[in-house]
2 protein chains.
Amino acid sequence: MDSPASSAYARPLPSISAIPFRHGRSGMAVPLLAEAEQERLATIGTRVHFSAGSVIHHQGDEADCIHNLLSGVVKSCAVSYDGSERVTAFHFATDLIGLAENDVYVDTTVALEPVDAFRLPLAALEALLMRDAEMEMHFLCKVCHELREEQRHAILLARRSARTKIVLFLHLLQTRGCLERGNDAEIRLPMKRRDIANYTGLTVETVSRALQGLKAEGILGVENPHSVSIADPARFAQLVRATANS
Amino acid sequence: MDSPASSAYARPLPSISAIPFRHGRSGMAVPLLAEAEQERLATIGTRVHFSAGSVIHHQGDEADCIHNLLSGVVKSCAVSYDGSERVTAFHFATDLIGLAENDVYVDTTVALEPVDAFRLPLAALEALLMRDAEMEMHFLCKVCHELREEQRHAILLARRSARTKIVLFLHLLQTRGCLERGNDAEIRLPMKRRDIANYTGLTVETVSRALQGLKAEGILGVENPHSVSIADPARFAQLVRATANS
DNA sequence: CGCCTTATTGACTTTAGTCAAGGTAAGTGG
DNA sequence: CCACTTACCTTGACTAAAGTCAATAAGGCG
């Protein structure tokens, strides 16, 4: 068991996790990079820190780097010109952020809490991948993983019931390890209700009503806005099974 | 190595298009593979044909290959326990299909019309990419492109108005070149209303009503179920601008 | 030609969105 | 340290819009 001091530190090296395209064993996401690869990747990048609320990449800015998250939660969102915001994804440790198109970032990425990350300049990364096909394969695998995640997001959005969307959203946080320290029945919600609404395609009012409805039925505990507890794990799991596809 | 000028017709080659991550010029999707790369890719694959309605990959089957589409339209869909189907994407020429996770396909892919494709065995492809970092970079770029496309799908799904979803869907087909021969104001709809419903998160009735509503306002012509014409291009373009994000 | 699938249309219901108000938590400055 | 201020969350009443159920019409295919 880690000491409180050491667990407070983020991983010192870049790390990328994904469910493999092939040769899968566990069915779970696994670290893709060998230690030597982590070291190699570290040589072209730098450790950086972002405080809660700070913008990591800005939509439309010239893309010169991506970030590999070490700790903390990040949202990426696209803003329409009418001002409405769509949250396209939440990102956690071992994720890559900074997707670009035609040299500009397609999303704004915002730290929802203090974030540690590895900054990887695109020019150096591209050069590294061109001479290290194995490393490049790991990046390919990771992007395939993100594509599948975005498909699951689309499946969530296609659901009609607000309750179902919220259950699937909470399950997402659960599987991404967004839990309170030392209590895996307590899901942390580092994002605001508005972010949940923009991710699930609902309004904040409906998000609130769905959460309170699940609380009223004794499935969830909602003591404060920043976390929910699974009060009835069996029924919660049943709801997830009933609504999850595949 | 060198092929006669006529062989482009006699023996079509694999082709992959995407909007580049970096070094973008036009803002449009461009072919990524040089002719020599197409030839190299062709050596590990075989030309295959699928008739309309045939299944190319089956969800849950062991993944042993992917396909690069040469012509025709393909849907990929995931089926839930309860039998309901979600269309995760439509695919066109120059796309790659056959996304897997833990060695099994995550979607069922179905030819919506006669399809020509290049079949690429995964083992050979993986070996090729591991010794050809440039080719691998093109695949990485393509998967990033598909990730952005799936984000756009998610943004479509997050819209509340049925009309908006249908307009964005038609615009998608327009930009993917799903047009009637020699008439770029006539959009082909090779999929059924049910597929459109499963892609947009609506019901078939609502899809029908949205299309008929746009027809009643003189924006679209809907002469038969398999195609729509843009009756008022200016107003249609205005609707797209008003609803498209970014 | 007739059967079966697909598409459209109508009447009604359900559900989430909207508008409005009240409550709670967090952060600020005296 | 506490009152103040603000942003965030929740709740309620009402509305709008899509879903559901049911019937009809149009296509496609043997």
Side-chain angles (χ1 to χ4, degrees), chain A residues 51-53 75 82-87 110 112-114 156-170 188-217 220-228 243, chain B residues 51-54 75 82-87 110 112-114 156-170 187-217 220-228 243:
Chain A
S51 55
K75 72 166 174 178
D82 64 359
S84 71
E85 181 180 298
R86 301 282 140 172
V87 174
V110 182
L112 297 174
E113 51 187 358
L156 181 156
L157 284 164
R159 295 273 164 188
R160 312 192 200 299
S161 145
R163 143 171 307 215
T164 297
K165 289 182 173 187
I166 293 301
V167 166
L168 286 175
F169 170 70
L170 293 175
R188 289 197 310 123
L189 302 175
M191 65 293 293
K192 301 185 192 306
R193 293 289 185 273
R194 166 133 336 258
D195 296 324
I196 301 177
N198 289 342
Y199 183 80
T200 55
L202 301 169
T203 59
V204 280
E205 293 94 330
T206 303
V207 169
S208 182
R209 278 189 258 263
L211 284 171
Q212 298 303 320
L214 290 163
K215 177 184 178 181
E217 291 179 47
L220 293 183
V222 187
E223 283 73 40
N224 68 74
H226 307 304
S227 72
V228 299
T243 58
Chain B
S51 55
S54 58
K75 72 166 174 177
D82 59 4
S84 71
E85 180 180 298
R86 302 282 142 175
V87 174
V110 182
L112 297 175
E113 51 186 359
L156 180 156
L157 284 164
R159 295 274 164 186
R160 313 192 197 297
S161 144
R163 143 172 306 215
T164 297
K165 289 182 173 188
I166 293 301
V167 167
L168 286 176
F169 170 71
L170 293 175
I187 301 173
R188 289 197 310 121
L189 301 175
M191 65 293 293
K192 300 183 192 309
R193 293 288 184 274
R194 166 132 336 256
D195 296 324
I196 301 177
N198 290 343
Y199 183 79
T200 55
L202 301 168
T203 59
V204 282
E205 294 93 331
T206 303
V207 170
S208 182
R209 278 188 259 262
L211 284 170
Q212 298 303 320
L214 289 163
K215 177 185 179 181
E217 291 179 46
L220 293 183
V222 188
E223 282 73 40
N224 67 73
H226 307 304
S227 72
V228 298
T243 59

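We name chains A, B, ... by the order of the sequence lines, and we start the count at 1 in each one. Because only heavy atoms are used, hydrogens play no part in the values below, and waters and symmetry mates are left out as well, while side chains stay in.
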With a 4.5 Å limit on heavy-atom distance, are the side chains of A:T206 and A:I166 in contact? no
Could you state the atom-to-atom distance from CZ of A:R163 to P of C:dT15 in whole Å? 11 Å
Side-chain N or O of B:R193 versus OP1/OP2 of C:dT8: is the shortest distance under 4.0 Å? yes
Counting any heavy atom closer than 4.0 Å, what does A:L202 reach on the DNA or RNA strands: base, sugar-phosphate only, or nothing? sugar-phosphate
A:S208 side chain N/O closer than 4.0 Å to the phosphate oxygens (OP1, OP2) of D:dC9? no
How is B:G213 classified with respect to the nucleic acid when contacts are heavy atoms under 4.0 Å: base, sugar-phosphate, or nothing? nothing
How many whole angstroms separate atom NZ of A:K165 from atom C1' of C:dG17? 12 Å
Could you tell me whether a side-chain N or O of B:N224 sits under 3.5 Å from a main-chain N or O of B:S227, the two making a donor and an acceptor? yes
How long is the line joining CD of A:Q212 and C1' of D:dC8, in whole Å? 13 Å
Rounded to whole angstrom units, what separation is found between the CG atom of A:D195 and the P atom of D:dC8? 10 Å
Using modelled atom types only, decide if a donor and an acceptor are shared between the side chain of B:R160 and the backbone of A:G201 within a distance under 3.5 Å. yes
Residue pair A:L156 / A:K165: nearest heavy atoms and the distance that separates them: O-CG, 3.5 Å
Under 3.5 Å between N/O atoms: give me all the protein pairs with nucleotides 19-26 of chain C, atom names plus distance.
{"unit_1": "C:dC19", "atom_1": "N4", "unit_2": "A:E205", "atom_2": "OE2", "d": "3.2"}

If I take atom CZ from residue A:R193 and atom CG from residue A:L211, how far apart are they, to the nearest 0.5 angstrom? 5.5 Å
Just do the side chain to side chain contact (heavy atoms under 4.5 Å, CB included) check on B:L214 and B:V167 with the steps written out, would you? CA-CA 9 Å; B:L214 289 163; B:V167 167; 4.2 Å; yes
Just the rounded figure in Å: distance from P of C:dT8 to NZ of B:K192. 13 Å
Could you give the CG-to-C1' distance, from B:L112 to D:dG28, as a whole number of Å? 17 Å
Should B:E113 and B:H226 be marked as a side chain to side chain contact (heavy atoms under 4.5 Å, CB included) after you check the CA-CA gap, both sets of side-chain angles, and the distance that decides it? CA-CA 12 Å; B:E113 51 186 359; B:H226 307 304; over 6 Å; no
On DNA chain C, more 5' by nearest nucleotide between A:T206 and B:R194 is B:R194
Separation of B:R159 atom CZ from D:dA17 atom C1', in whole Å? 16 Å
B:I166 CD1 to C:dA7 C1', straight-line distance once rounded to whole Å: 13 Å
